[in-house]
Structure formats: structure tokens, C-alpha cells
Amino acid sequence: MKNIAFIINPVSGTQNKHRILKLIEKTLNREQWTPDIVFTEYKGHGTELAMQYAKMDFDAVVAVGGDGTVNEVATGLLHTNTALGIIPVGSGNGFARHLGISTRVPRAIETLNNSEPITVDYGMVDNQPFFCTCGTGFDACISEHFGQGGKRGFFSYLQQIIKDVFTYQPGHYQLRGEGIDLQTDAFFITFANANQWGNDAFIAPKASVQDGQMDIAVMSPFPMLAAPGLALQLFTKTIDNGLFMNTIKAREVTLLRTDDGPFHCDGDPVQMGKEIHIRIVPDGLKVLVEKRF
């Protein structure tokens, strides 16, 4: 019998958390797992709880929430023998989608019953870990405005994009790293460990969480007439072949920008300075994924 903890973010996404509790009770294989269930009470609580469970040698800790919840819980499990599980109930669920974990709660629980651990990379933005993507520019602006709003879910996120896309002004950036010295104006720059922002919007289709590198997606300013085509490329895994996109692979890079301001880590907005250091840490996290036969 293995010990498993479920850390539930009560405010993540739009799904009823009491329904999720009933589904865990109904679907989790009790001959395999002995569960413990807790709710987060404040920002950062998920990390504290995950660290406690790792010190208690739990076999797995499951993040029940979106990419922000996954970030908190995974941060507490880095470089331990305790594996991260995910029940994705957030607005985007980019990390879970990359790993092939279903956004249907019963199916995600069934995956835990038939799972195996793999070891994946994670990223660091200065001293802040990220697991899916981080970035500056338009996506950071959207994350900031979305975080200030009261509504969650995909359609609220889409409404925010439509509201901001016509007024957002590109910024000027410099990227420095081994073999990299790029100065450019950009609509956004995304640093991708996983291949998507979430909701199957594939900003870095060829990104891997096991290659020891990040894919840096630099979107040049574009005319609004090109926006529908870019959106189509984003959802058909072809954005990296587009006219306005430049993708660079790197292990470590420094971003320089003209002003302090919004940045995002796994979709959660943060304020950061003009110089930001981003790197990939290989093989730092164990994650439960569906067992492959």
C-alpha cells in the first residue's frame, strides 16, 4: 500500500471541489493507495504542504487545480523521491496536457491508479521555479489582467485576450546566452519547458520536458490582419513555422528589457525587473503519468 496526498486549491478553476472529493472516494484504488486530502488556505500553502508530505516519505502528492497550483505543489517536491500527480481543474492546464493527463477528473484519477513515475526538467526564473512556461510581453499582460478579474475559466481568458490585443504595444528586448545575442522588438517572449500555454495552445510544439533545454518563442510585432492565421497556427502546432515566430533552444539565458513590469510563471502574474535570468534544471521532478505497456 502506498501513501498519496491530494492538495486541493478551493478557488482554482470552475469545478465544484466537493464533487471532486466524491470522485476521489469513488474512483481511487484503495488497494493501491492510502489517501490524505487537504485544502490550501493561502498563496504558497501548497508548497508548504508538499514539503511536509515529502519529509513524511509519501509516495505521491497530487495537485488538484490549475498550473498555478501545480507550480506550488511541484516546488515542494523538487529533488525528492515523492512524485507529483495532477488532477487538472484550472483554466489552462498546460503542464498536465503536455504530459497527456486528462482534464476529465475521473479519467485523471484512473491515471493515478495505472501510473508510473517519470523524471522531468523544470525551469528557474531568478529564484522562482516554473514547470510549463514563463514569459514577458502580451502573455504576461494577459496573466496580470486575468488575475485581477473575478471570473475564471477559458472563456473569461479568451475575453481578456480579445480586449487587450488591439491596444497592447510591443516591447524591446535583448536575449543573452551561450551562442545567443539577440536584440529585437517583440509582441511577447515565452520560455517554454512544456509545449503549450494551456488549452492546447501550442506555443512551442517541439518542446520537451526531458531534453534539458527550453524553447524560447519570440513573437515579432504583426498586423492585426494576421491574428486569425496566427491563432490557427497556435492550435494546429504550426506556430513555430510562422513568419512572425522565431524559436531558439537554450539551457540558460538572460533577458534584458527596458522597464520593470509584468512577467508570468506558469500563468501566475509577478512583477520583475529589467534583467531576468532563466535556466532549465534537468531531471529535478518525478511526475506520475499513465503507464505505457
Side-chain angles (χ1 to χ4, degrees), residues 5-21 23-24 37-50 61-77 84-109 111-112 120 122-123 125 128-135 139-161 190 192-203 209 262-270 285 287-289:
F6 293 83
I7 298 178
I8 302 175
N9 182 349
V11 299
S12 178
T14 59
Q15 296 199 37
N16 185 297
K17 302 308 183 296
H18 293 291
R19 172 180 173 270
I20 294 173
L21 286 174
L23 287 170
I24 292 171
I37 299 174
V38 293
F39 287 83
T40 58
E41 298 175 2
Y42 48 84
K43 187 173 179 62
H45 195 200
T47 300
E48 296 172 10
L49 291 168
V61 176
V62 181
V64 184
D67 282 319
T69 306
V70 170
N71 183 294
E72 282 200 12
V73 175
T75 295
L77 302 178
L84 171 73
I86 306 174
I87 297 178
V89 293
S91 300
N93 307 308
F95 193 56
R97 289 175 186 267
H98 177 98
L99 294 168
I101 298 172
S102 176
T103 56
R104 293 177 55 249
V105 173
R107 185 72 188 89
I109 300 171
T111 294
L112 296 173
V120 302
Y122 69 95
V125 182
Q128 168 68 45
F130 73 96
F131 301 88
C132 191
T133 65
C134 67
D139 55 343
C141 174
I142 292 298
S143 294
E144 182 179 49
H145 292 171
F146 184 66
Q148 293 168 352
K151 294 182 179 180
R152 314 302 294 174
F154 171 72
F155 290 105
S156 296
Y157 197 82
L158 183 61
Q159 287 175 349
Q160 192 65 61
I161 290 174
T190 295
N193 183 41
N195 60 13
Q196 62 175 276
W197 282 324
N199 289 304
D200 290 333
F202 294 94
I203 188 59
V209 294
F263 199 86
H264 83 85
C265 291
D266 291 334
D268 277 0
V270 292
L285 176 70
V287 185
L288 294 180
V289 298

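Positions are given from 1 along the sequence.
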Colleague: Output yes when a side-chain donor or acceptor of E72 lies under 3.5 Å from a complementary backbone atom of G44, and no otherwise.
Modeller: yes

Colleague: Does D67 reach the main-chain N or O of G90 with its side chain, forming a donor-acceptor pair under 3.5 Å?
Modeller: no

Colleague: Can you name the salt bridge (Lys or Arg N to Asp or Glu O under 4.0 Å) partners of R107, sequence neighbours left out?
Modeller: E110, E290

Colleague: Of all residues at least two apart in sequence or in a different chain, which pass the side chain to side chain contact (heavy atoms under 4.5 Å, CB included) check with N195?
Modeller: H98, F202, A207

Colleague: With no hydrogens and no angle check, is any side-chain donor or acceptor of D268 less than 3.5 Å from a backbone partner on C265?
Modeller: no

Colleague: Using the test side chain to side chain contact (heavy atoms under 4.5 Å, CB included), find all partners of E41 that sit at least two apart in sequence or belong to another chain.
Modeller: H45

Colleague: Under a 4.5 Å cut-off applied to non-hydrogen side-chain atoms, are Q128 and V270 in contact?
Modeller: no

Colleague: Once salt bridge (Lys or Arg N to Asp or Glu O under 4.0 Å) is applied, what residue pairs with a partner in residues 95-106 remain, sequence neighbours excluded?
Modeller: R97-D200

Colleague: Mind checking what makes side-chain hydrogen bond (donor to acceptor under 3.5 Å, both in side chains) contact with D266, not counting sequence neighbours?
Modeller: N71

Colleague: Would you say the side-chain atoms of N193 and T133 include a donor-acceptor pair closer than 3.5 Å?
Modeller: no

Colleague: With sequence neighbours left out, what residues match T69 under side-chain hydrogen bond (donor to acceptor under 3.5 Å, both in side chains)?
Modeller: N9

Colleague: Going by the rule side chain to side chain contact (heavy atoms under 4.5 Å, CB included), which residues pair with A74 if we only count those two or more places apart in sequence or in a different chain?
Modeller: L84, F131, L285

